[in-house]
Amino acid sequence: MHSYATPYNIVADEQPDLPVWCFRPERVTAAAKWFREKFPGEPFYAVKANPGEHVLEALWEAGVRSFDTASLPEIELIHRKFPGARMAFLHPVKNRRAIQRAYHEFGVRIFVTDTMQELYKILEETGYAKDLTIIVRIAVSCDGAALPLAGKFGASAEDATEILREARRYADELGVSFHVGSQAMKPTAWWTAMADVSRIIIAASVTVDIVDVGGGFPSIYADNPPPSLEDYAAMVEQAFENMYVLENAELWCEPGRALVAESESLLTRIEQVRDDAIYINDGSYGALYDAVHERWSFPMRALPGDGRNLGRLVEYTVYGPTCDSTDKFPAKVWLPAGLVEGDYVEFGNLGAYGRAMSSRFNGFGATEVARVHDAPWPSLYNAVGAEVISIGASGTR
Ligand SMILES: *Cc1c(COP(=O)(O)O)cnc(C)c1O
């Protein structure tokens, strides 16, 4: 992978035709370091947020050893890259053969369920193995999440009570989990969820070895900054102390977005300008899915193709590259006046659910990757990452 001081150097040296992922490994290091030092439990990285191999390698180098996987391809990927990794198979609806192969071929011992049927499926396909960790996923409120995940998965309080009792008969270790939704803006969501889950454990009167508080920890975008991550850690720690679980119970979490969002930006090329509209080479079927479909405000900046100084900000309509008329930003964006074909627009903090969501629809979606070392976007990790994040801050231009 080529390395550049900043994306400005990529533009000057390469004038790239494909969108370029600008990978900032220091950001992965800072995020992983924060979870290791400040979060009171073990992080299982949610692979779906960004399965890029360079991202996975940076996480591994930063000490992440546990992975939240949801499918056989994710399990195979992690197993191939890191044979010693601990994997949890945390999709509540699993294919039978996938369970069998996960257990027998790939050494997976941690499985989630939110129904009695799935519990028996896991037991049958592993041959009633004696070394299973069974996690019962419980439905909780998604109050304050930008992307709520309630409704699809999670056992009701009543069902969870029964599943917990039955799972306890077979599991070597028994856990509970929940998911408060993605980009959860209120730390109190964990307080409420953990109190609810604790009541369910009391009702089931089972011993619980693991409390997995899921993902949902936020990143920072162009609008609506979240509370500090320390607030989330403090809330989880307090709520955990109040829970009805074994004295030595383990605390786990499943961060996706919070570990990788800051690690990549996407450098797109302007292919045409028509009045106040720009046509760029990535869009709603590519890495900018959330920008279009979820009205996500990624931080942006324009980079001149020829090094000229850019003017004051004006509003532009932004179109993606495919022939689909919905491939268009839902609102106008502010960028410098006078942009022309061959200028570039960079979208920041796109490391979570950017690459991962990209399709090849209409022949678009191919990208390149380059390493860069500047720090243009807001970060939630300034406290622990201060020395790395200042790299390149005074770099070229
Ligand atoms: C998507 C997902 C995560 C990661 O969520 P983030 O909001 O990216 O932290 C964690 N656990 C499960 C089960 C998920 O489906």
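When a ligand or atom number is given, it counts from 1 through the structure's own listing order. This chain uses plain numbering: 1 for the first residue, then up along the sequence.
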Quick one: CG on Asn349 to CE on Met300, what's the gap to the nearest 0.5 Å?
13.5 Å
Please determine if Asp343 and Arg308 form a salt bridge, counting it only when a charged side-chain N lies under 4.0 Å from a carboxylate O.
yes
Ligand 1 atoms in contact with His179 (distance to a heavy atom under 4.0 Å)
2 (C), 3 (C), 4 (C), 5 (O), 10 (C), 11 (N), 12 (C), 13 (C), 14 (C)
Thinking salt bridges, do Glu315 and Lys332 make one under a 4.0 Å N-O criterion?
no
Aromatic Phe217 / basic Arg257 pairing, under 6.0 angstrom, 45° off normal:
no
Looking at Phe89, is Lys94 sitting on its ring face, NZ or CZ under 6.0 Å from the six-membered ring centre and within 45 degrees of the normal?
yes
Any N or O on Gly216 sitting closer than 3.5 Å to an N or O of ligand 1?
yes
Can you find an N or O of Gly256 that's nearer than 3.5 Å to an N or O of ligand 1?
yes
Applying a 4.0 Å heavy-atom criterion (strictly less than), which segment of Arg137 is in contact with ligand 1: side chain, backbone, both, or neither?
side chain
Under a 4.0 Å N-O cut-off, is there an ion pair linking Arg24 with Asp374?
yes
Within a distance under 4.0 Å of any heavy atom of Ala46, pick out the atoms of ligand 1 and give their elements.
3 (C), 4 (C), 10 (C)
Trp377 ring centre to Arg301 NZ or CZ under 6.0 Å, with the angle to the axis within 45°?
yes
For ligand 1, which part of Val112 has a heavy atom less than 4.0 Å away: the side chain, the backbone, both, or neither?
neither
Once you restrict to heavy atoms under 4.0 Å, what part of Lys48 touches ligand 1? Side chain, backbone, both or neither.
side chain
Quick check on contacts: which atoms of ligand 1 are under 4.0 angstrom from a heavy atom of Glu254?
3 (C), 4 (C), 9 (O), 10 (C), 11 (N), 12 (C), 13 (C)
Subset of ligand 1 atoms that lie under 4.0 Å from at least one heavy atom of Ser182:
6 (P), 7 (O), 8 (O)
Please identify which atoms of ligand 1 are closer than 4.0 Å to at least one heavy atom of Tyr353.
1 (C), 4 (C), 5 (O), 6 (P), 8 (O)
Check ligand 1 against Arg257 and write out every atom of the ligand that is under 4.0 Å from a heavy-atom position of the residue.
6 (P), 8 (O), 9 (O)
Would Arg86 count as a cation-pi partner of Trp60, with NZ or CZ less than 6.0 Å from the six-membered ring centre and within 45° of the ring normal?
no
